[in-house]
Amino acid sequence: MKLVVLDRDGVINTDSEHYIKSPEEWTPIGGSLEAIARFTQAGFRVVVATNQSGLGRGLFDMATLNAIHNKMHKAVNKLGGRIDAVFFCAHALDAGCACRKPRPGMLLEIAARFGVALAGVPAIGDSLRDLQAASAAGTRPILVLTGKGAQTQRAGALPGGTEIHKDLAAAAMALTA
């Protein structure tokens, strides 16, 4: 099975310092939904792995998070794509959980649920913590320059072997060529 793991905020949709707290605030980045459709049509299972500490902080509730993800699923489906699963960590940074990126717990859970080895699986993110989690889990870390990506690239200290693409559409093009 071909699998690709995507971060959500800054990769699929625009990000906000104040969190995406409602479906109305969820806005796709140009070309990202088409990129997911491209992955789907190339035979990839697409999984989203996203830190959502706003849930744990009470900025939004589970029904709202589900509504945001429902909007994302419908937008992707309209273009012939599919997101097979969304994994999220609701813990705050200081919770010390194993699932919050940069720790690899969420990615390891994806591997267990889908019954796949993570070696070589593309994991696409826009932040250093996305790439650190990818590297720790043994996946193929890919940085996109949308969201916090350009800032992440400038800051340096990327895990070894990190690939860099302009955006999710460029990454999808490269991975499905």
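Everything quoted here is computed from the prediction, not taken from an experiment. One is the number of the first residue; the rest follow in order along the sequence.
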Any side-chain to backbone donor/acceptor pair from Lys71 onto Ser22? Under 3.5 Å, distance only. no
Would Leu168 and Leu33 show up in the same hydrophobic cluster when neighbours are defined by side-chain heavy atoms closer than 4.5 Å? yes
Which distance, rounded to the nearest 0.5 Å, do you find between the CD1 of Ile124 and the CG of Leu175? 5.5 Å
Does the side chain of Arg8 reach to within under 4.5 Å of the side chain of His69, using non-hydrogen atoms? yes
Minimum heavy-atom separation for Ala85 and Phe114, please, with both atom names. CB-CZ, 4.0 Å
Between Arg82, Met1, Arg38, Lys2, which is the residue that forms a side-chain contact (heavy atoms from CB on, under 4.5 Å) with Phe44? Lys2
Spacing of Ser53 atom OG and His91 atom NE2 [to the nearest 0.5 Å]: 11.0 Å
Under 4.5 Å between side-chain heavy atoms, hopping through other hydrophobics if needed: is there a path connecting Val76 to Ile20? yes
Between the main-chain N or O of Lys148 and the side-chain N or O of Thr152, is there a donor-acceptor pair closer than 3.5 Å? yes
Does any non-hydrogen side-chain atom of Thr146 lie less than 4.5 Å from one of Thr14? no
If you round to the nearest 0.5 Å, how far is CG of Leu93 from CZ of Arg129? 8.5 Å
Taking the side chain as everything from C-beta on, heavy atoms only, tell me whether Leu107 gets closer than 4.5 Å to Phe87. no
Side chain proximity check, Trp26 to Ile12, heavy atoms < 4.5 angstrom: yes
Taking the side chain from Thr139 and the backbone from Ala134, do they hold a donor-acceptor pair closer than 3.5 Å? yes
Please round to the nearest 0.5 Å and tell me the distance separating atom CZ of Arg154 and atom CG of Leu145. 9.5 Å
In this structure, would Tyr19 and Leu65 fall into the same cluster of hydrophobic residues linked by side-chain contacts under 4.5 Å? yes
Look up atom CG in Leu131 and atom CD in Gln153, then write down how far apart they are to the nearest 0.5 Å. 11.0 Å
Check for me whether Lys21 meets the cation-pi criterion with Phe60, that is, NZ or CZ under 6.0 Å from the six-membered ring centre and within 45 degrees of the ring axis. no
Taking the side chain as everything from C-beta on, heavy atoms only, tell me whether Leu143 gets closer than 4.5 Å to His165. no
For Gln52, does its backbone N or O pair with a side-chain atom of Thr50 as donor and acceptor, under 3.5 Å? no
Arg140 side chain to Ala119 main-chain N or O, any donor-acceptor pair under 3.5 Å? no
Just verifying a value: how many Å separate Ile142 CD1 and Leu6 CG, rounded to the nearest 0.5 Å? 9.5 Å
Test side-chain contact (heavy atoms from CB on, under 4.5 Å), reference Val46, set Thr40, Val5, Leu3, output is Thr40
Which atom pair, heavy atoms only, marks the closest approach of Ala133 to Arg103? CB-O, 3.6 Å
Here the pair of heavy atoms bringing Gly125 nearest to Asp130 is CA-OD2, 3.4 Å
Ser135 side chain vs Pro159 backbone, donor-acceptor pair below 3.5 Å: no
If hydrophobic clusters are built by linking Ile, Leu, Val, Met, Phe, Trp and Tyr wherever their side-chain heavy atoms come under 4.5 Å apart, do Val4 and Met173 end up in the same one? no
What I'd like to find out is whether the side chain of Asp7 reaches to under 4.5 Å of the side chain of Val48, using heavy atoms alone. no
For residues Leu118 and Leu108, determine if any side-chain heavy atom of one lies less than 4.5 Å from a side-chain heavy atom of the other. yes
Side chain to side chain contact (heavy atoms under 4.5 Å, CB included) assessment of Met62 paired with Leu55: CA-CA 7 Å; Met62 194 65 216; Leu55 182 63; 3.9 Å; yes
Spell out, yes or no, whether Met72 and Val47 are grouped together once hydrophobic residues are joined by side-chain heavy atoms under 4.5 Å, including indirect joins. no
Residues Asn70, Asn66; criterion side-chain hydrogen bond (donor to acceptor under 3.5 Å, both in side chains); working and verdict: CA-CA 6 Å; Asn70 187 45; Asn66 286 337; over 6 Å; no
Closest approach of Ile68 to Pro23 (non-hydrogen atoms, all atoms of both residues): CG1-N, 3.6 Å
Could you tell me whether a side-chain N or O of Asn51 sits under 3.5 Å from a main-chain N or O of Lys101, the two making a donor and an acceptor? yes
Can you confirm whether Gln151 sits close enough to Ser127 that some side-chain heavy atom of one is under 4.5 Å from a side-chain heavy atom of the other? no
